[in-house]
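Before any comments, here is the structure.
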Amino acid sequence: MELKPNNSAPVLTDSAPISKSRLSGRSGLFAYPAQGASFSPNLILNIPRKKTGVLDDVRSSSWLDAMKSSSPPHKKFTKDINNELASPDADYAYRTWLLNYPSALISFEKIANNAKGKRIALFLDYDGTLSPIVDNPDCAFMSNAMRHAVKRVAKYFPTAIISGRSRDKVYEFVGLTELYYAGSHGMDIMGPVQQYTPDGHQTSVWATDQQGKEVNLFQPASAFLPMIDEVFRSLVECTKDIKGAKVENNKFCISVHYRNVDENIWTTVAHCVQDVIKDFPRLRLTHGRKVLEVRPVIDWDKGKAVTFLLESLGLSNCDDVLPIYVGDDRTDEDAFKVLKEGNRGYGILVSSAPKETNACYSLRDPPEVKTHSTCTG
Ligand SMILES: O=P(O)(O)OC[C@H]1O[C@H](O[C@H]2O[C@H](CO)[C@@H](O)[C@H](O)[C@H]2O)[C@H](O)[C@@H](O)[C@@H]1O
């Protein structure tokens with residue numbers, strides 16, 4: 001990929017010390033010259049982390065509870081899909097929850113009426129939304145029918161995928177050139193060349209995509225690349241003897257999967273992760289679906305990525321634009337919140353179990369997402 005820096009080159013604004021050895025000697029890893037790499041001061045999050053006591057956190061039951069509750073047991077997408085709701089109690093709870101978060105399929109007419117005269121902008125999560133949750137993260141393929149539905153919808157509406165995966169990986173899975181892609185939970189956005197410069201974001205560069213088309217690359221955490229690489233290698237090393245553990249490099253963040261690890265040793269996984277990151281106060285840990293995620297402490301998330309893309313597309317502050325975000329995970333809540341707070345559009349949560357959410361509607365699983373996309377397109 002050829003990169004062409006535009007006029008608004010990143011500024012060196014490292015407001016807090018970071019060891020020189022971690023930044024030096026690895027400039028080749030930067031997507032654009034390390035000289036221009038930035039810790040944008042207004043993006044740095046101030047999350048105090050105690051140096052001691054980190055491991056105590058892991059030992060506490062709240063950690064284990066969070067790990068246990070991070071994902072319902074995934075279902076095989078076969079005919080017994082409703083087995084999860086086999087218990088009458090669970091079924092009742094789900095139907096009661098649906099009163100507050102109605103099915104986007106059943107509410108399709110209402111949604112279509114709201115969208116009348118408006119331009120829809122569609123944002124989609126990948127894992128658990130377009131592809132089913134499976135044991136091996138490398139095999140989370142989307143179906144051809146889903147690909148076809150997304151391709152069709154993207155013909156009519158600007159459509160972006162915002163994933164926790166690396167941007168390259170999610171593109172490899174989806175393979176559609178007509179979409180915009182944001183990887184690493186929105187920390188790696190390949191969007192349109194901006195006719196409109198999103199407010200206060202000076203760290204974009206022009207680049208060319210696989211087709212040679214000019215695009216805009218926004219990577220607010222680019223200065224963290226050497227650190228992420230170093231931590232990735234340490235995590236691989238320290239989890240190598242834990243059967244079933246898998247460390248995935250998502251470029252600007254790292255996933256440590258424990259879905260296939262014996263539940264009795266989940267705390268061992270958590271210990272390893274805490275042990276590695278305790279010396280990196282600029283990294284933090286979050287929970288995903290049977291996964292611990294290590295990411296830079298910057299004020300950036302999927303919600304900010306939605307705002308950024310809407311601005312880049314010239315679609316923000318327009319009354320005639322209706323952004324819709326479809327996602328299944330905690331990280332998607334940031335995007336639901338952004339749309340809900342500004343009353344700008346709405347989120348659709350993909351879940352087959354009741355969950356607290358900022359979304360307005362729900363879909364049960366990826367097959368329902370496909371049906372909904374087919375209706376929309
Ligand atoms: O933002 P997303 O596109 O939803 O990505 C979030 C994480 O998804 C992947 O992990 C999850 O899906 C795997 C495949 O189904 C599953 O095995 C794993 O347990 C889930 O956590 C991906 O591997 C992660 O890197 C993403 O951060």
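Both ligands and their constituent atoms are indexed starting at 1 by order of listing.
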Assert yes or no for the condition that the ring centre distance of Trp300 to Phe252 is strictly below 6.0 Å. no

Quick check: [X] and ligand 1, any N/O pair under 3.5 Å apart?
X      : value
Asp329 : no
Val291 : no
Ser255 : yes

Give the residue and atom name of whichever protein heavy atom lies nearest to [atom], and the separation in Å to one decimal.
atom                    : result
atom 20 (C) of ligand 1 : Arg289 O, 3.3 Å
atom 19 (O) of ligand 1 : Arg259 NE, 2.6 Å
atom 3 (O) of ligand 1  : Ser163 OG, 2.8 Å
atom 4 (O) of ligand 1  : Asp125 OD1, 2.7 Å

Regarding Lys116 and Asn113, is there a side-chain donor-to-acceptor distance under 3.5 Å anywhere? yes

Hey, are the side chains of Lys155 and Glu178 touching, using non-hydrogen atoms and a 4.5 Å cut-off? no

Looking at side-chain heavy atoms only, is the closest gap between Thr267 and Met67 below 4.5 Å? no

Which ligand 1 atoms, with their elements, are less than 4.0 angstrom from a heavy-atom of [X]?
X      : answer
Glu293 : 27 (O)
Glu248 : 22 (C), 23 (O), 24 (C), 25 (O)
Asp135 : 17 (O)
Tyr126 : 3 (O)

Run the side chain to side chain contact (heavy atoms under 4.5 Å, CB included) check on His185 and Thr286 step by step: do they pass? CA-CA 12 Å; His185 296 293; Thr286 55; 5.9 Å; no

Mode of [X] contact toward ligand 1 - side chain, backbone, both, neither (heavy atoms, under 4.0 Å):
X      : result
Ser131 : neither
Asn250 : side chain
Val134 : both
Ala140 : side chain

Below 30° counts as parallel, above 60° as perpendicular, anything between as tilted: where do the rings of Phe173 and Tyr126 land? parallel

Could a heavy atom of Pro132 be found less than 4.0 Å from some atom of ligand 1? yes

Would you say Asp365's side chain and Glu368's backbone share a donor-acceptor pair under 3.5 angstrom? yes

Would the distance check show the side chain of Lys355 and the main-chain N or O of Asp328 forming a donor-acceptor pair, the cut-off being under 3.5 Å? yes

Between Arg330 and Glu333, does any NZ, NE, NH1 or NH2 come within less than 4.0 Å of an OD or OE carboxylate oxygen? no

The residue among Val273, Val247, Asn250 that forms side chain to side chain contact (heavy atoms under 4.5 Å, CB included) with Val294 is Val273

Only pairs under 3.5 Å count here: list side-chain donor-acceptor contacts from residues 335-350, not counting sequence neighbours, and write none if there are none.
none

Given Asp127, Leu130, Ile161, identify the one with the heavy atom nearest to atom 5 (O) of ligand 1. Asp127

Of the choices His185, His257, Lys169, which has the non-hydrogen atom that lies closest to atom 18 (C) of ligand 1? His257

